[in-house]
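Every chain is numbered from 1 and lettered A, B, ... according to where its sequence line falls, protein lines coming before strand lines. Here the structure is a predicted model, which is why all the values come from computation and not from measurement.
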Amino acid sequence: MIQKCHVASNFMLEGIPPYNFELSVHAPCGYHWMTPSEVYSNNVIWTAAPLSSAGAVGLKLEFVGSVHKPVVSLTVFSRRKLASDEKSKLLKNVERALGLRGDVSEFYKMAETHPVLKQAVTDLYGMRGSWGFDVFDRAIVALTSQNAPMNRTRQMINAIIGTYGETAEFDDHAIQTWPLPQTIVEVDAQELKERCKLGYRAAYLKDLAKAVVDGACPDLEELEKMGPDQAKKLLTGLKGIGQYSAEIVSPHPGFPLDIWSIRLFTKIFMPEKSWSSLAEAMKVMRKYAENEWGRWRDYVFTYIINDLENLSRKLGLKLGLTVAEVLEET
DNA sequence: GCGTCCAGGTCTACC
DNA sequence: GGTAGACCTGGACGC
């Protein structure tokens, strides 16, 4: 559905330094920040998000501060004036996705203790690792990442957005964004499977949409209020969401190891160890991440993944997995 | 052009 | 609690 968004509201968002806007919102980990069709140019990003009550809203974010005094000017374009609760939820979700209020000084101090982390922090100074608008789009990314190489994940995501997504027309841009869960609930599972090439994931996606609509799956704000364990337990209780997906969806720190990232992390942090099985490596690496980096383990994950090329070049690490190689391999 | 193999997370059945 | 096999699809590869 196309929403012509004429009504504009402005907000100024201040962050905790250091903050690098481009590194944080421009294709983090080779993916989108909010939606795949967003446009980034010279410290401005045009993107969109789906609001269940008001449809797609256009978002223009312009970085008007500096790394040491970060300020983002946000303009929200909607088809009608947003109610105060809609505005409040939208602002919370955008601020969370920007990671503006996150203080990373403790992480940077911790990173001093390991040469690889130290280098990654130097290369990506001020980057945040947050992304996504709410629980449903994060869950779609998690579901389509299961059992699929990156190219196929992109293909499924593009088909879902292209077929059932919302489009916001604003400020000379037309940005496609995620479908509302209410839309997916109404779609026949077989149609979803065939049109979006989802395979067995179609049933999971439909169940998940129903869970979001019914309230069985809370939004990110509610998940944030829960403890990390409670949020994870709730998410893994949903059909199609296992440990990996729960760590992608949950707003709490996680370490979403998959088949190729486990090779990468064990190579960097446990190069001397040999493994009897992949399952063993996963278990040990997860425990290591929790013990060594605690609440910062998601930052370790994001910084390493985003800095593969630099780390290979500057530290002479034979990771065998630059971004290009990972994309090629997957 | 056709057939085969591979990638990858979760669920289910079974031990 | 641990593990094997099935679930889907597109792309790579060999013939």
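Between Tyr19(A) and Val67(A), every side-chain heavy-atom pair lies at or beyond the 4.5 Å cut-off. Between Cys217(A) and Val135(A), the closest side-chain pair of non-hydrogen atoms falls below 4.5 Å. Residues Met12(A) and Val64(A) have side chains in contact (heavy-atom distance under 4.5 Å, counting atoms from C-beta outward).
A perpendicular orientation is assigned to the rings of Tyr299(A) and Trp296(A), their planes being inclined by more than 60° (bins at 30° and 60°). Ring geometry for Tyr204(A) versus Tyr200(A): interplanar angle over 60°, hence perpendicular rather than tilted (30 to 60°).
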Heteroatom pairs (N/O) under 3.5 angstrom, protein to nucleotides 9-11 of chain C:
from   : atom 1 : to        : atom 2 : distance (Å)
dT9(C) : O4'    : Arg152(A) : NH2    : 3.0
dT9(C) : O2     : Arg152(A) : NE     : 3.4

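Taking atom CE of Met282(A) as the reference point, atom P of dT3(C) lies 14 Å away to the nearest angstrom. Separating the CE atom of Met156(A) from the P atom of dA7(B) is a distance of 16 Å, rounded to the nearest angstrom. Here the C1' atom of nucleotide dG9(B) and the CD1 atom of Ile262(A) are 14 Å apart, to the nearest Å.
Salt bridge Glu14(A)/Lys69(A): absent, no basic N to carboxylate O contact under 4.0 Å. Under 4.0 Å is where a charged nitrogen must lie from a carboxylate oxygen, and between Asp171(A) and Lys60(A) at least one such pair does.
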message: What does the B/S/- profile of nucleotides 10-15 of chain B look like, 5' to 3', with a 4.0 Å heavy-atom cutoff to protein?
response: SSS---
task: Give the intermediate values and the outcome of side-chain hydrogen bond (donor to acceptor under 3.5 Å, both in side chains) for residues Gln182(A) and Glu186(A).
output: CA-CA 7 Å; Gln182(A) 293 90 329; Glu186(A) 298 300 323; over 6 Å; no
